[in-house]
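One structure is given here, and the rest of the page talks about it.
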Amino acid sequence: MSRRIISHPKNSISIDSRPQYLRVADKIKQKIFSGSIKIGDKLPTERELAQRYNVGRPSIREAIRSLENLGLVETLQGSGTYVRNNTEKIILNSFDIIYNTNDISNEEVVQFREMFEYAAVKLAATNATDAEIRKLEKILEKMKIVNTSKELERVDLLFHEQIANMTHNTLILQIFKAMRSFFDNCIKSTNDLIYSKGENNEDIISYHIPITDAIKDRDPSVALVFMERHFKKIRGLMQK
């Protein structure tokens, strides 16, 4: 429900005709966004909020519930309501709905990953610290000594998560974290495809070595080239 405009001979008056709880939720949300209320802060009691916003306690309960659905607050039994940053769960739930209610092809999944990974690897090569590069190299070394495909998939996910971390881009990192299970399933499907075409762990690892080297050399153009080759290989296997 939106605001409606009432005409007046001299001016127009904007009246918010939405339910009270939505108006209260918006006011609390703006305080969170402005920093007046910070992550971790405890909200006033239900009674105090009702007095502050001049509404009934049922409206406050509905306002808190709507903020919980947005991932902005969390109510702990016997303790109170606290400001949180649970947007990862909200993003994941929304993506799950999109993914599972549409006929999304493997081609579309690869295209989505390409869009994400290409941007991430260039930023990683540009912004990574020495310590972050050393961590990526350690992850690569772990890939070389794993014994099972399941363990390789786990470390492979860590590799791509570290690239997202090295971008120093909050949006990229938060989206990766929120969609971690999706990326995990993508990597598993890709590796299963690679195995089904007669390739092995060494082949999978070989795709990641030049990417690591390019990031270590802080060369975003070369890093992108090798990430593109990685996905070109995947596309080739999909078409066999």
Side-chain angles (χ1 to χ4, degrees), residues 1-104 108-109 112-113 115-116 119-120 123 157 160-162 164-186:
M1 190 177 295
S2 59
R3 292 176 175 82
R4 58 191 177 90
I5 304 297
I6 296 181
S7 297
H8 188 274
K10 293 185 178 180
N11 54 29
S12 295
I13 302 174
S14 177
I15 296 179
D16 192 341
S17 58
R18 296 174 302 163
Q20 281 186 332
Y21 80 90
L22 287 179
R23 283 179 271 159
V24 172
D26 270 356
K27 290 176 182 177
I28 297 174
K29 183 167 60 177
Q30 289 307 315
K31 285 182 176 293
I32 295 172
F33 290 166
S34 69
S36 299
I37 306 175
K38 296 179 172 55
I39 303 296
D41 284 355
K42 181 179 179 180
L43 292 184
T45 65
E46 191 177 282
R47 177 185 295 177
E48 291 170 327
L49 288 172
Q51 292 174 345
R52 179 175 301 180
Y53 294 108
N54 194 30
V55 297
R57 292 174 71 170
S59 292
I60 296 298
R61 283 193 288 271
E62 288 299 319
I64 296 300
R65 188 174 292 113
S66 71
L67 292 171
E68 286 177 328
N69 290 337
L70 291 173
L72 290 174
V73 302
E74 179 183 16
T75 300
L76 302 179
Q77 190 68 31
S79 179
T81 300
Y82 296 83
V83 178
R84 295 286 190 252
N85 182 7
N86 291 329
T87 49
E88 291 179 13
K89 180 177 70 174
I90 307 304
I91 294 172
L92 178 59
N93 289 341
S94 298
F95 189 84
D96 278 345
I97 292 172
I98 294 170
Y99 186 78
N100 290 303
T101 58
N102 292 277
D103 186 18
I104 296 176
E108 288 174 305
V109 171
F112 179 84
R113 279 201 65 199
M115 177 191 71
F116 189 94
L123 285 173
L157 178 63
H160 289 276
E161 184 173 29
Q162 179 61 8
N165 184 57
M166 292 190 296
T167 66
H168 293 198
N169 182 300
T170 302
L171 288 173
I172 289 176
L173 182 57
Q174 290 302 317
I175 289 173
F176 188 97
K177 287 182 176 179
M179 299 175 61
R180 199 174 193 275
S181 63
F182 168 76
F183 282 106
D184 189 20
N185 288 332
C186 286

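Only a predicted model underlies this, so the values are computations on that prediction, with no experimental measurement involved.
Side-chain contact check for Leu76 versus Tyr82: some heavy-atom pair is nearer than 4.5 Å. Put simply, the side chain of Thr81 does not reach to within 4.5 Å of the side chain of Glu74, judged on heavy atoms. Counting heavy atoms from C-beta on, the side chains of Ile28 and Tyr53 come closer than 4.5 Å. Residues Val24 and Leu49 fail the side-chain proximity criterion, which asks for heavy atoms closer than 4.5 Å. Here the side chains of Leu43 and Ile64 are in contact, with some heavy-atom distance below 4.5 Å. Within the 4.5 Å cutoff, side-chain heavy atoms of Phe176 are placed close to those of Glu161. Contact annotation: the side chain of Val73 approaches that of Glu68 to within less than 4.5 Å [non-hydrogen atoms, C-beta and beyond].
Note that the CZ atom of Phe33 and the CG atom of Leu72 stand 5.0 Å from one another [nearest 0.5 Å]. Rounding to the nearest 0.5 Å places CG of Leu157 at 5.0 Å from CG of Asp184. To the nearest 0.5 Å, the span separating CD1 on Ile172 from CG on Leu123 amounts to 5.0 Å. In this structure, CG in Asn165 is found 11.0 Å from CG in Asn169, a value given to the nearest 0.5 Å. Between Thr75 atom OG1 and Glu46 atom CD the span is 9.5 Å, to the nearest 0.5 Å. Rounding to the nearest 0.5 angstrom, the gap separating the CG atom in Leu67 from the CD atom in Glu62 is 11.0 Å.
Aromatic ring centroids of Phe116 and Phe182 lie 6.0 Å or more apart.
Summarising the geometry of Ala63 relative to Ser66, their closest heavy-atom pair is O-OG, 2.7 Å, with the distance given to 0.1 Å. Between Val109 and Cys186, the closest heavy-atom pair is CG1-SG, 3.4 Å. In terms of heavy atoms, Gln20 sits closest to Ser59 at OE1-OG, 3.3 Å. Minimum interatomic distance between Arg84 and Ile39 (heavy atoms only, all atoms of both residues): O-CD1, 3.8 Å. Across all non-hydrogen atoms, the minimal contact from Ala50 to Gly56 is CB-C, 4.3 Å.
For residues 27-40, the pairs satisfying salt bridge (Lys or Arg N to Asp or Glu O under 4.0 Å) are Asp26-Lys29, with sequence neighbours left out.
Side-chain atoms of Asn102 come within 3.5 Å of backbone atoms of Ile98 as a donor-acceptor pair (strictly under, hydrogens ignored). A donor-acceptor pair is defined here as one N or O able to donate and one able to accept, closer than 3.5 Å; such a pair exists between the side chain of Arg23 and the backbone of Arg18.
Of the N and O atoms on the side chains of Thr45 and Glu48, at least one donor lies less than 3.5 Å from an acceptor on the other residue.
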Could you walk me through whether Arg113 and Glu108 satisfy the side chain to side chain contact (heavy atoms under 4.5 Å, CB included) test, starting with their C-alpha distance in whole Å, then the side-chain angles of each, then the deciding distance to 0.1 Å, before giving a yes or no? CA-CA 9 Å; Arg113 279 201 65 199; Glu108 288 174 305; over 6 Å; no
Verdict with supporting geometry, Tyr99 and Phe112, ring-ring contact (aromatic ring centres under 6.0 Å, His included): CA-CA 12 Å; Tyr99 186 78; Phe112 179 84; 9.6 Å; no
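Residues satisfying the side chain to side chain contact (heavy atoms under 4.5 Å, CB included) test with Ser181, not counting sequence neighbours, are Leu92.
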